[in-house]
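First the structure, in the form of structure tokens, and then the observations on it.
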There are 2 protein chains.
Amino acid sequence: MTGHTLARLPEQAELDGAIRAAGLKVTSPRVAVMRALADLPHSGAESVFAAVRHDLPGTSLQAVYGVLAALTEAGLVRRIEPAGFPARFERRVGDNHHHAVCSGCHSVQDIDCAIGEAPCLLPSDDSGFAVHSAEVTFWGLCAACQAEAAA
Amino acid sequence: MTGHTLARLPEQAELDGAIRAAGLKVTSPRVAVMRALADLPHSGAESVFAAVRHDLPGTSLQAVYGVLAALTEAGLVRRIEPAGFPARFERRVGDNHHHAVCSGCHSVQDIDCAIGEAPCLLPSDDSGFAVHSAEVTFWGLCAACQAEAAA
DNA sequence: GCAGTTGTTTTGAATGATTCAAAACAACCA
DNA sequence: TGGTTGTTTTGAATCATTCAAAACAACTGC
């Protein structure tokens, strides 16, 4: 589903600081969710729940939803919602990057801005529409699924 | 919600032909859905249902869902799913155009390709991802909602 | 260090969009 | 015009997500 990154996992203090800096109370479910997303970016609520449960049994799914909502609201995580799929979350925020969704395995990968810097897109004729953000989703097959399809 | 276009409404025969050409049986719910979408593009299932009911009472919501699914499958309509909203449908298919969603009134407007012709977007680094399509959603305020906000 | 306040999590239930399944029905072909 | 096949109706289920009240825990100030 979602590829495991080899990125360094953040320290406890680092996560605490980020959460506190966002004006939120530091709680174990929040830290656990942040850690889970650092480990497995583009996870859905259900996957985050599974990961959180692993080192914090007794955590409820609703708590995970609540935490994800709070973190998203605070700008600590970003929510993406590919058409036809439950929402996914990631900690990479603030840069205007985009996503590629594999139609085969439903994995999501980050894609840097297609053209130049953020905001990298502007409509050719906006008819007076004031653009605040642009969201790009690429659909196709990831390298692994192409290989499998070739076999 | 969704702006009323002034576009010419298609003739019965035109709709029948399109549906038949797609390999589907021509039924009144299908014609009614096509007509509703010609009248009000970017409508959701619920709005289409309301419009269809108007001249075809007795039509069920499930039938509308079924018709929309069949027409989408056949390539006669396109389904768009802005994050956080129920799916919307439109008859403009085959060109790779995009959408602007107003955060104020939730209306959707078509936006022509941002840069050049379709496919107008390619990732800068695709890591072997084979892109089949690119979907762009602009978020912001439509002209009307800007005017209202200014007052 | 400890109590109060405020915000968070738990528990349990509800919601909304969408889909499934079986039976009644209608379009199209011969 | 009848048969076949695909479509719609009817009724119910599903999934992701949200709501609400009560139990609880983090932070503030003492």
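We name chains A, B, ... by the order of the sequence lines, and we start the count at 1 in each one. Scope of the values below: all heavy atoms of this structure, side chains included, with no hydrogens, waters or symmetry mates.
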By nearest-heavy-atom nucleotide on DNA chain D, the more 5' of A:F85 and B:L24 is B:L24
task: Assess whether atom NE2 of B:H54 is packed by more than 12 heavy atoms of other residues, nucleotides or ligands within 6.0 Å.
output: no
When rounded to whole Å, the CG to P distance for the pair A:D16 and D:dA25 reads 17 Å
message: If we ignore hydrogens and angles and just use 3.5 Å, is the side chain of B:E46 paired with the main-chain N or O of B:P86 as donor and acceptor?
response: no
Here the distance between atom P of D:dA25 and atom CG of A:L56, to the nearest Å, is 12 Å
Under 3.5 Å, side chain of B:H97 to main-chain N/O of B:D110, donor-acceptor pair present?
-> no
Result for 5'-nearest mapping on DNA chain C, choosing between B:P86 and B:R20, is B:P86
Atom CD of A:E46 and atom P of D:dT14 are separated, to the nearest Å, by 16 Å
### Task
Kindly say if A:Y65 contacts the phosphate of D:dT18, meaning a side-chain N or O under 4.0 Å from OP1 or OP2.
no
(message) Would you say that A:R35 contacts A:V31 through its side chain, given a criterion of any heavy-atom pair below 4.5 Å between the two side chains?
(response) yes
Considering only heavy side-chain atoms of B:A45, the closest of C:dT18, D:dT7, C:dT11 is C:dT18
B:K25 atom NZ is separated from C:dC28 atom C1', nearest whole Å, by 6 Å
Taking for A:T59 and for B:E81 the nucleotide of DNA chain C with the nearest heavy atom, the one nearer the 5' end belongs to A:T59
- Remember a base hit wins even if backbone is also touched, and classify A:T27 as base, sugar-phosphate or nothing at under 4.0 Å, heavy atoms. sugar-phosphate
Q.
At 4.0 Å (heavy atoms only), tell me whether A:Q62 reaches a base, stays on the sugar-phosphate, or touches nothing.
A. base
* Ignoring hydrogens and geometry, is there a side-chain-to-backbone donor-acceptor pair from A:Q146 to A:L141 under 3.5 Å? -> yes
| said: Heavy atoms only, 4.0 Å cut-off, all strands: where does A:A87 land among base, sugar-phosphate and nothing? | reply: sugar-phosphate
B:L61 CG to C:dC20 P, in whole Å, measures 15 Å
Between CG of A:L71 and P of C:dG7 the distance, given in whole Å, is 17 Å
